[in-house]
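All remarks here apply to the structure that follows.
Just so we're on the same page: letters track the sequence lines, and every chain starts at 1. Small disclaimer: the values here were computed from a predicted structure and weren't measured.
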2 protein chains.
Amino acid sequence: MRRDVFQAIADPTRRAIIMLVAVQSMTPNALAEHFDTTRQAVSKHLRILTECELLKQNQSGREIYYQLNGDKMKEIDHWLAQFKKIWESRFNQLDDVLATLKKEKKSNI
Amino acid sequence: MRRDVFQAIADPTRRAIIMLVAVQSMTPNALAEHFDTTRQAVSKHLRILTECELLKQNQSGREIYYQLNGDKMKEIDHWLAQFKKIWESRFNQLDDVLATLKKEKKSNI
DNA sequence: TATTTGCGAAACCAATCGGTTTCTAATTTA
DNA sequence: TAAATTAGAAACCGATTGGTTTCGCAAATA
């Protein structure tokens with residue numbers, strides 16, 4: 001199953017997990033206390049976050065500490081930067097102006 | 001139906017639409033040419049993007065130009081900034097150190 | 001050693017998703 | 001005015017999602 005960072009952060013619970021784990025590594029049980037669901041449900045979220053490499057596991061006996069992989073978050077950053085580049089440079093392009101003119105021409109006839 | 005920006009950008013086709021529309025406003029038909037799906041499928045994506053206010057409609061006769069609402073993209077930006085704040089300040093906190101010590105103590109016995 | 005604890009896996013379920021085809025309405029255009 | 005074009009709505013479909021309960025396994029503890 002192909003896991004995607006964007007699909008991973010689509011779920012609010014997973015976004016909350018990311019924030020919690022960003023502060024400090026946590027076990028599934030500790031995380032589950034913050035939510036109104038079962039540990040198993042949290043475990044499923046952790047699996048998805050781990051599969052797309054947003055989290056890393058750190059086993060200590062029978063406990064598993066989940067910690068954030070900050071680097072992976074940069075993928076979102078990168079996409080946003082890419083967008084901003086286009087968004088900010090679009091004012092230098094004639095495309096929008098032309099589209100507007102075309103539209104106005106049509107509706108003014 | 002509650003529409004969420006994060007859920008909206010979870011789909012790769014929708015992310016591509018965002019990029020295309022960031023360059024210049026486009027109609028559903030023009031957008032659909034860039035994808036291997038029907039116009040109706042693209043229309044559904046546009047509906048979702050519009051509902052969460054990432055896109056705005058601009059009708060011109062029977063054509064509807066979809067244009068990007070750059071402000072809404074800032075929501076993602078804001079979330080990322082929030083995360084970075086936590087992520088970068090966590091090194092100043094003792095939590096991680098304490099957790100590590102606790103872990104090491106346990107596994108060394 | 002027996003019991004408890006922490007965890008993931010599996011099986012199941014209703015709801016949602018992304019896609020299709022078909023249909024309807026409105027605006028161009030011939 | 002008739003035909004073509006643009007676009008959303010509706011009905012449908014299989015796959016995926018996020019949740020549950022039940023289970024098994026390994027590690028800690030009594």
Euclidean distance, atom [atom1] of residue [X] to atom [atom2] of [N] [Å, nearest integer]:
X: Q7(B); N: dG18(C); atom1: CD; atom2: C1'; result: 11 Å
X: R3(A); N: dG18(D); atom1: CZ; atom2: C1'; result: 11 Å
X: E33(B); N: dA7(D); atom1: CD; atom2: C1'; result: 15 Å
X: D4(A); N: dT17(D); atom1: CG; atom2: C1'; result: 15 Å
X: Q57(A); N: dG6(C); atom1: CD; atom2: P; result: 17 Å
X: I48(A); N: dA9(C); atom1: CD1; atom2: C1'; result: 14 Å
X: L46(A); N: dT17(D); atom1: CG; atom2: C1'; result: 16 Å
X: L55(B); N: dG8(D); atom1: CG; atom2: C1'; result: 15 Å

With sequence neighbours excluded, tell me which residues meet ring-ring contact (aromatic ring centres under 6.0 Å, His included) with F6(B).
W79(B)
Are N69(B) and L55(B) close enough, and set up right, to give a side chain to side chain contact (heavy atoms under 4.5 Å, CB included), and what steps lead you there?
CA-CA 5 Å; N69(B) 175 13; L55(B) 298 189; over 6 Å; no
Side-chain N,O ([X]) to OP1/OP2 ([N]) below 4.0 Å:
X: Y65(A); N: dC7(C); value: no
X: H45(A); N: dT17(D); value: no
X: S43(B); N: dA7(D); value: no

Selection from [options] that lies nearest to any side-chain heavy atom of [X]:
X: P28(B); options: dA7(D), dT17(D), dG18(C); result: dA7(D)
X: N29(B); options: dT6(D), dG8(C), dC17(C); result: dT6(D)
X: T27(A); options: dC7(C), dA7(D), dA9(D); result: dC7(C)

Mind checking whether I76(B) and F83(A) have side chains closer than 4.5 Å, heavy atoms only?
no
Do V21(A) and L31(A) touch side chain to side chain, with heavy atoms closer than 4.5 Å?
yes
So what does F35(B) touch, heavy atoms closer than 4.0 Å: a base, only the sugar-phosphate, or nothing?
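Answer is nothing: F35(B) stays at 4.0 Å or more from every strand.
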Look up atom [atom1] in [X] and atom [atom2] in [Y], then write down how far apart they are to the nearest 0.5 Å.
X: M73(B); Y: L80(A); atom1: CE; atom2: CG; value: 5.5 Å
X: E75(B); Y: E53(B); atom1: CD; atom2: CD; value: 8.5 Å
X: D4(A); Y: I9(A); atom1: CG; atom2: CD1; value: 9.0 Å

Residues within residues 11-20 of chain B bordering DNA chain C, heavy-atom distance below 4.0 Å:
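Per residue number, the list reads D11(B), R14(B).
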Does a distance-only test, which skips hydrogens and angles, find a donor-acceptor pair under 3.5 Å between the side chain of K44(A) and the base of dG19(D)?
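When only heavy-atom distances are counted, K44(A) does reach the base of dG19(D) through a donor-acceptor pair under 3.5 Å.
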No-hydrogen, no-angle side-chain donor-acceptor test under 3.5 Å, Q67(A) and N58(A)
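On atom types as modelled, these side chains qualify, holding a pair under 3.5 Å.
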Flag for Y66(A)-Q57(A): side-chain donor and acceptor within less than 3.5 Å:
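On atom types as modelled, these side chains qualify, holding a pair under 3.5 Å.
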Taking only Lys NZ, Arg NE, NH1 and NH2, and the carboxylate oxygens of Asp or Glu, determine whether D77(A) and K74(A) approach each other closer than 4.0 Å.
no
Check: protein-nucleotides 21-27 of chain C nitrogen or oxygen pairs below 3.5 Å:
from	atom 1	to	atom 2	distance (Å)
dT22(C)	O4	Q40(B)	NE2	2.8
dT27(C)	O2	R62(B)	NH1	2.8

